[in-house]
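Just so it is clear, the structure is predicted and the values come from calculations on it, not from any experiment.
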Protein chains: 2
Amino acid sequence: MLRLSKKTDYALMAMKHLASDPRRRAASAREIAESYDIPIELMAKVLTRLVRSGLLVSHQGVHGGYELAQPPAATSVAAVLEAIDGPLTMTACTHGDHECDQFSKCNVRDPLRRIRDRIAAILAECSILEIAADPEPSAPPVRVMSSPAMRRVSAL
Amino acid sequence: MLRLSKKTDYALMAMKHLASDPRRRAASAREIAESYDIPIELMAKVLTRLVRSGLLVSHQGVHGGYELAQPPAATSVAAVLEAIDGPLTMTACTHGDHECDQFSKCNVRDPLRRIRDRIAAILAECSILEIAADPEPSAPPVRVMSSPAMRRVSAL
DNA sequence: GAATATCCGACCAATCTGGTCGTATCTTAA
DNA sequence: TTAAGATACGACCAGATTGGTCGGATATTC
């Protein structure tokens, strides 16, 4: 659960690809797609969404392709997620739309919104630059918890 | 995106319900379901999973029902998510299974795992007690970012 | 033994998602 | 001016996931 969509994965791969390219020239959808065994049409669709959201700029024509619209440090992972899958929701009621059957009686709405905000902050603070700087975490590696350990609250 | 499943919502609602009940006695699936307009059979299925994961204990029979297996502070939101939807994954490759077509060439695997770990830490640190203490966040409220703001990295 | 519970698996319909296809349009270069 | 290489865009499909339902088995109390 809390799964990222495949399209989001592809988007992040493409963003990193563009951020890491030393030549800093436009890369075509085909080039990126083939680098990672991604279906070309799907990659193209993803890239188009990134353009529409202003994260990439595109050039049509023979030597066209895609470039980062901003330096890698200026684009957050959150922005990429939003570009592909729309606003970061978590629950049906996160943003206004009272479309959930339990809306009136729900007792976890506010607490969940708080959690959502914390997660959103993490995603907003993580830039493509950080993603591109693969070798070694900049933050101290948080201990991965296995199921039994997660059962109990660690800090509190 | 990053949506919680409805079952997880229901599970959290039930956990909070049980944590908030001053009488501290077993509540039946019916009682919980009716409190929040949740389909009874579905609530029952969710509660059963919570029992199987050791977060609740159940008593069958006429005055049976469900109780928290531990004090509310000892159960994390992460544990509830895992009980309902299995291990917190984010990507297809998060836990061993190399079932993703891009596995061999993927360039964002490690960075994404780092992000996943940070999110898992947040969920592991948030207890049912915190969820039950609805009125007012214990942590300073993180600013909710609207789409345009999220586009740029805030801290970095 | 009747009533009230949990337990468990099968099942279904609707939605979501990954992926495909066809076509239009733009831009460069020969 | 024309061909090639590229993005843009919308329609479409099949498979997976999910929310929800149903039927029956088992346990416990009165």
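Although no hydrogens or angles enter the test, the distance criterion places a donor-acceptor pair under 3.5 Å between the side chain of B/Arg109 and the main chain of B/Phe103.
Distance A/Glu31 CD to D/dG5 P: 15 Å, rounded to the nearest Å. A straight line from CZ of B/Arg49 to C1' of C/dT6 spans 16 Å, rounded to a whole angstrom. Here C/dG18 presents its C1' atom at 13 Å from CD1 of A/Ile84, a figure rounded to the nearest Å. Separating the CD atom of B/Glu67 from the P atom of C/dT6 is a distance of 12 Å, rounded to the nearest angstrom. As rounded to whole Å, 14 Å separates atom C1' of D/dA8 from atom CG of A/Leu50. Distance B/Leu47 CG to C/dA5 P: 13 Å, rounded to the nearest Å.
Residue B/Val51 places its side chain closer to C/dC7 than to any other of C/dC7, C/dC8, D/dT7. The side chain of A/Asp101 lies closest to D/dG20, out of D/dA6, C/dA5, D/dG20.
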Protein-nucleotides 13-17 of chain C N/O pairs closer than 3.5 Å?
none

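Applying the side-chain hydrogen bond (donor to acceptor under 3.5 Å, both in side chains) test to A/Ser28 and every residue at least two apart in sequence or in another chain returns nothing. Taking B/Val57 as the reference, B/Glu67, B/Ala69 meet the side chain to side chain contact (heavy atoms under 4.5 Å, CB included) condition, with sequence neighbours excluded.
For C/dC8, one of the phosphate oxygens OP1 or OP2 lies less than 4.0 angstrom from a side-chain nitrogen or oxygen of B/Arg52. Within the 4.0 Å cut-off from OP1 or OP2 of C/dT6, not a single side-chain nitrogen or oxygen of B/Thr48 is found. Phosphate contact (OP1/OP2 of C/dG18, side-chain N/O of A/Tyr10, threshold under 4.0 Å): absent. A close approach under 4.0 Å does not occur between any side-chain nitrogen or oxygen of A/Arg3 and OP1 or OP2 of D/dT17. In this structure, A/Tyr66 does not reach the D/dA6 phosphate: none of its side-chain N or O atoms is under 4.0 Å from OP1 or OP2.
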Indicate every side-chain donor-acceptor pair of residues 31-48 of chain A with a distance under 3.5 Å to a residue at least two apart or in another chain.
from: A/Glu31; atom 1: OE2; to: A/His17; atom 2: NE2; distance (Å): 3.3
from: A/Ser35; atom 1: OG; to: A/Glu31; atom 2: O; distance (Å): 2.8
from: A/Tyr36; atom 1: OH; to: A/His17; atom 2: ND1; distance (Å): 2.8
from: A/Tyr36; atom 1: OH; to: B/Asn107; atom 2: ND2; distance (Å): 3.2
from: A/Asp37; atom 1: OD1; to: B/Lys105; atom 2: NZ; distance (Å): 3.4
from: A/Thr48; atom 1: OG1; to: A/Ala44; atom 2: O; distance (Å): 2.8

Once each nucleotide of nucleotides 20-30 of chain C is scored for protein heavy atoms under 4.0 Å, what B/S/- sequence comes out, 5' to 3'? BB----BBBS-
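Side-chain contact between A/Ile119 and A/Met90: present, with at least one pair of heavy atoms (C-beta onward) separated by less than 4.5 Å. Counting only heavy atoms from C-beta outward, the side chains of B/Val108 and B/Cys106 approach each other to under 4.5 Å.
Applying the ring pair (Phe, Tyr, Trp, His ring centres under 6.0 Å) test to every pair with at least one member in residues 62-88 of chain B, sequence neighbours left out, gives no pairs at all.
Counted by atom type alone, B/Thr8 and B/Asp85 present one or more donor-acceptor pairs between their side chains at under 3.5 Å.
Ion pair B/Asp9/B/Lys6 not flagged as a salt bridge, since none of the NZ, NE, NH1 or NH2 atoms sits closer than 4.0 Å to an Asp/Glu carboxylate oxygen.
Nearer the 5' end of DNA chain C, as judged by each residue's closest nucleotide, is the contact made by B/Ser58, out of A/Leu4 and B/Ser58.
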